[in-house]
Amino acid sequence: PLFRSGFSSDERRAKIPAIKSNVRDIICTLVEGISMLANPSVDFGGDSSRSRADYMRKIRLEREFDYSDEFYDHTQALWRDSGIQEAYKRSNEFQLLDSAAYFMGRLAAIRDASYLPSNEDILRCRVITQGIYETKFEVNRVTFYMFDVGGQRSERGKWIQCFTGITAIIFVVACSGYDTYLREDPSKLRLEEAIELFESIWLNRWLQNTSVILFLNKEDLLREKIDAGMSKIEKYFSSYADYTITGSQVYEDMKEKLDPGESSEVHRAKLWFVEQFMQISWSDEDEEDGHRQCYPHFTTAIDTSNIKRVFNDCKHIITTLHLEQMGLL
């Protein structure tokens, strides 16, 4: 809705339960995260925080939960706790929403009785996709149909019904999540899983003529991690240690999309991520026949100008691919 006509007041109000649920999930996850951390371990800053943590454990799974002043008071106090802050810094070691700091900074607005979510509140709100959702929209008298499918392992069996007659697949990867693990399998890195999933889609016999538009999302969070020297990529992927962009085909293809204001190390990281996926597409002999291609883009979902620019590129790609499929190009 944001890129068609904007969110209506009713659409904004409809997002309030999900946003409040995100707030509860964030603070409860941080409370549980403290007990999960080791080497070194982390503890709450005082007895009052431990008492507030007990409250959060009790209300975590309540279905009909009343977001009372008591809840918000406990949440605000816990967010200021030194132990919670240390857990937040190490949140790659457990499952925490990327928007944690953002929504903790929005507590005063969210708890207000007259609260109406902003565009950024809605864009940062995390709702797990279950099932298949179809969106229809028109751009310059061309009608597009987009199908959103869940990426969790339990959801993938539902995809096959979407594979007939499609022009392209948009494959979204959180490139900032290279140091985090799957909720379904704590031993599996998310990026590792994404690369394997991409390969299975690329090699799927039903998709031999279907191009892929690759969205390497959350580039803003990736940039923050790299510039801050946090979570070295080579700690999780040893091949990164020796990676250079000198003579790289990916660099020649992507250099126009790199932000000149970013550090050389951020550029190196971005290009390494692209190459992990492009190597799979390059190994496919069909590409030499021009049957399909992989089109990589760096995206920040909460940056509307970035998404609009990328969408315009995708619109051109999809339209061209469709005309090729129809034999008109």
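All of these numbers come straight from a predicted model, not from anything done at the bench. Note that the numbering runs from 1 along the sequence shown for the chain.
- A donor-acceptor pair under 3.5 Å is absent between the side-chain atoms of T180 and the main chain of N92, judged by distance alone.
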Side chain to side chain contact (heavy atoms under 4.5 Å, CB included) between F277 and E199, intermediate numbers included: CA-CA 8 Å; F277 294 91; E199 183 173 29; over 6 Å; no
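- Distance check, rounded to the nearest 0.5 Å: CD of E265 to CG of D227 gives 9.5 Å.
- Legend: salt bridge (charged side-chain N to carboxylate O under 4.0 Å, His left out) pairs involving residues 206-216, not counting sequence neighbours: none detected.
- Checked by atom type and distance alone, the side chain of E86 never pairs as donor or acceptor with a backbone atom of G83 at under 3.5 Å.
- Not less than 6.0 angstrom separates the ring centroid of F273 from the ring centroid of F298.
- To the nearest 0.5 angstrom, L216 atom CG is 9.5 Å from F171 atom CZ.
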Verdict with supporting geometry, L214 and H297, side chain to side chain contact (heavy atoms under 4.5 Å, CB included): CA-CA 6 Å; L214 175 65; H297 292 270; over 6 Å; no
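- Legend: residues meeting side chain to side chain contact (heavy atoms under 4.5 Å, CB included) with R80, ordered by chain and number and at least two apart, are Q76, A77.
- Shown here for T210 and A168, the closest heavy-atom pair between the two residues is CG2-CA, 3.9 Å.
- Using a 4.5 Å cut-off between side-chain heavy atoms of Ile, Leu, Val, Met, Phe, Trp and Tyr, with links allowed through other members, Y178 and M230 fall into different hydrophobic clusters.
- R52 and D73 make their closest contact through NH1-O, 4.1 Å (heavy atoms, listed as atom of the first residue, atom of the second, distance).
- Listed for the H74 side chain is no donor-acceptor partner under 3.5 Å among the backbone atoms of S51.
- Distance check: L116 CG to R12 CZ gives 6.0 Å after rounding to the nearest 0.5 Å.
- Residue-environment remark: NZ (K257) exceeds the threshold of 12 foreign heavy atoms within 6.0 Å.
- Residues meeting the side chain to side chain contact (heavy atoms under 4.5 Å, CB included) test with R57, sequence neighbours left out: V31, E32, F44, A53, D54.
- Nearest heavy atoms, I26 versus L96: O-CD1, 3.7 Å.
- Criterion: ILVMFWY side-chain heavy atoms under 4.5 Å apart, direct or through other members. Under it, I84 and Y55 are part of a common hydrophobic cluster.
- The salt bridge (Lys or Arg N to Asp or Glu O under 4.0 Å) test applied to D47 returns R50, not counting sequence neighbours.
- Taking CZ of R111 as the reference point, atom CG of D69 lies at 5.0 Å (rounded to 0.5 Å).
- Of all heavy-atom pairs between L222 and S176, the closest is N-CB, 3.6 Å.
- Between Y236 and Y181, the ring planes are perpendicular. Angles over 60° get that label, and only those under 30° would be called parallel.
- Among residues two or more places apart in sequence or in another chain, the salt bridge (Lys or Arg N to Asp or Glu O under 4.0 Å) test is passed with D112 by none.
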Side chain to side chain donor-acceptor pair (under 3.5 Å) evaluation trace for N217 with T299: CA-CA 5 Å; N217 195 32; T299 60; 2.9 Å; yes
Check against side chain to side chain donor-acceptor pair (under 3.5 Å), S68 and D66: CA-CA 6 Å; S68 62; D66 177 23; 5.1 Å; no
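- Scored by the side chain to side chain contact (heavy atoms under 4.5 Å, CB included) test, S248 finds Y243, V250, Y251, E275 as partners (sequence neighbours excluded).
- Because its NZ or CZ atom is both nearer than 6.0 Å to the ring centre of Y240 and within 45° of the ring axis, R268 counts as a cation-pi partner of that residue.
- Here the OG atom belonging to S99 is positioned 8.5 Å from the CE atom belonging to M104, to the nearest 0.5 angstrom.
- The shortest heavy-atom contact between A87 and L37 is CA-CD1, 3.7 Å.
- Formation of a donor-acceptor pair under 3.5 Å by the R90 side chain with backbone atoms of A38 is found in this model.
- Side chains of D185 and S187: a donor on one and an acceptor on the other come within 3.5 Å.
- In the hydrophobic cluster analysis, where Ile, Leu, Val, Met, Phe, Trp and Tyr join through side-chain heavy atoms closer than 4.5 angstrom, L123 is grouped apart from L221.
- Proximity of V127 to C125: side-chain heavy atoms (C-beta onward) are separated by under 4.5 Å at one or more points.
- Hydrophobic cluster membership is shared by V23 and F94, with clusters built from Ile, Leu, Val, Met, Phe, Trp and Tyr side chains linked at under 4.5 angstrom.
- Under the side chain to side chain donor-acceptor pair (under 3.5 Å) criterion, the residue pairs touching residues 14-25 are R24-Y67, with sequence neighbours excluded.
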Full working for side chain to side chain contact (heavy atoms under 4.5 Å, CB included) between I110 and Y72: CA-CA 9 Å; I110 294 170; Y72 288 113; 3.9 Å; yes
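- In this structure, the ring-ring contact (aromatic ring centres under 6.0 Å, His included) partners of Y88, at least two apart in sequence or on a different chain, are W79.
- For the pair P296/M278, a side-chain contact is recorded, criterion being any heavy-atom separation below 4.5 Å from C-beta on.
- Residues forming a side chain to side chain contact (heavy atoms under 4.5 Å, CB included) with D121 (at least two apart in sequence, or on another chain): I19, Y102, F103, R106, Y115, P117, S118.
- The minimum heavy-atom distance between W202 and R292, with the atom names listed, is O-NH2, 2.6 Å.
- Residues forming a side-chain hydrogen bond (donor to acceptor under 3.5 Å, both in side chains) with S231 (at least two apart in sequence, or on another chain): D179.
- Looking at residues two or more places apart in sequence or on another chain, you find a salt bridge (Lys or Arg N to Asp or Glu O under 4.0 Å) between D98 and K218.
- Under the salt bridge (Lys or Arg N to Asp or Glu O under 4.0 Å) criterion, R183 pairs with no residue, sequence neighbours left out.
- Side-chain contact between V173 and F215 is absent, with no heavy-atom pair separated by less than 4.5 Å.
- A donor-acceptor pair under 3.5 Å is absent between the side-chain atoms of T300 and the main chain of D303, judged by distance alone.
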CA sep, side-chain torsions, deciding dist, call: E196, K188, salt bridge (Lys or Arg N to Asp or Glu O under 4.0 Å): CA-CA 11 Å; E196 291 176 5; K188 190 78 167 183; 2.8 Å; yes
Residue pair I226, E262: steps toward the side chain to side chain contact (heavy atoms under 4.5 Å, CB included) verdict: CA-CA 10 Å; I226 299 300; E262 294 175 335; over 6 Å; no
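- L182 and M36 fall into different hydrophobic clusters, where Ile, Leu, Val, Met, Phe, Trp and Tyr residues are linked whenever their side-chain heavy atoms come under 4.5 Å apart, directly or through other members.
- With 3.5 Å as the limit, one finds no donor-acceptor pair spanning the side chains of D81 and Q85.
- Here the CG atom belonging to L271 is positioned 11.5 Å from the CD atom belonging to Q249, to the nearest 0.5 angstrom.
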